[in-house]
Amino acid sequence: MKKQELQPTEFNEFYAKYLSKVPDNTSLKKGFEEDKETVIKFFSSISKDKLEYRYQPKKWSIKEVLQHIIDAERIFMYRMLRIARKDMTPIEGFDQDIYIKPSGADKKTIEALLEEFKTTRLYSINLLSSISNENLCNIGIANNSPTSARACAFILLGHNAWHMDIIKERYLQFQ
């Protein structure tokens, strides 16, 4: 299953900015494996003195961005599972900003955050492997919009690329 198969009717237009970061020929399952290595390498390469940096007051630190990536993966994979299993109950959205403070991300080491990411990603890869391509095409309602199970997964790949680009542009430009 490749990203180029995804149809605009499978996701809310808001997510197009993330999906545009994913090359059309990206295979979903292989993409998750490759993205895992990319995320780990990227966050491991950032100097420890930059990890709590905020480019503006009230913006997330780099550690908090990584925590957000982890939390978003958990939420989108939950959405994917429900939709793939034909649960037609509408799935509510979430307020990403309220998740950060209670996460305690800045109190965690980068090693602990990366371990949390790895564990979450291994779960995601396992879950993806357990769902047929047919069921990945199922469409449900998430955040008041029609969404396919596969769109939930592809969005995550673009979401990670989006945030790594933001870190490069706004956090690390003076490094």
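Index from 1, following the sequence.
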Q: Indicate the ring-plane relationship of Phe14 and Tyr18, choosing parallel, tilted or perpendicular according to the 30° and 60° boundaries.
A: perpendicular
Q: Describe, in one word, how the ring planes of Tyr171 and Tyr53 are oriented to each other, choosing from parallel (under 30°), tilted (30 to 60°) and perpendicular (over 60°).
A: perpendicular
What heavy-atom pair brings [X] and [Y] nearest, and what distance separates the two atoms?
X: Gly31; Y: Thr26; result: CA-CG2, 4.0 Å
X: Met1; Y: Phe154; result: O-CZ, 4.0 Å
X: Ala72; Y: His159; result: CB-CE1, 3.6 Å
X: Asn143; Y: Gly93; result: OD1-CA, 3.4 Å

Q: Drop me the distance from Leu6's CG to Cys137's SG, to the nearest 0.5 angstrom.
A: 9.0 Å
With hydrophobic residues grouped by side-chain heavy-atom distances under 4.5 Å, do [X] and [Y] end up in a single group?
X: Ile139; Y: Ile91; value: no
X: Leu156; Y: Leu122; value: no
X: Tyr123; Y: Leu136; value: yes

**Q.** Exercise: do Tyr78 and Arg82 side chains pair donor with acceptor under 3.5 Å
**A.** yes
Q: Taking atom types as modelled, find out whether Glu73 and Ser124 have a side-chain donor-acceptor pair closer than 3.5 angstrom.
A: yes
Q) Do Ile141 and Met88 come within less than 4.5 Å of each other through their side chains, counting heavy atoms only? A) no
Q.
Evaluate Leu19 against Ile155 for side-chain contact (heavy atoms from CB on, under 4.5 Å), listing each step before the verdict.
A. CA-CA 6 Å; Leu19 291 166; Ile155 287 166; 4.0 Å; yes
**Q.** Other residues, nucleotides, ligands: >12 heavy atoms within 6.0 Å of Lys59 NZ
**A.** no
Q.
Could you check whether atom CD of Glu37 has more than 12 heavy atoms from other residues, nucleotides or ligands sitting under 6.0 Å from it?
A. yes
Q.
Quick one, Lys108 with Gln67, criterion side-chain contact (heavy atoms from CB on, under 4.5 Å). Give me CA distance, side-chain angles, the key distance, then yes/no.
A. CA-CA 10 Å; Lys108 297 176 184 178; Gln67 184 69 67; 2.7 Å; yes
**Q.** Test log, rule side-chain contact (heavy atoms from CB on, under 4.5 Å), inputs Asn135 and Ser132
**A.** CA-CA 5 Å; Asn135 287 333; Ser132 69; 3.4 Å; yes
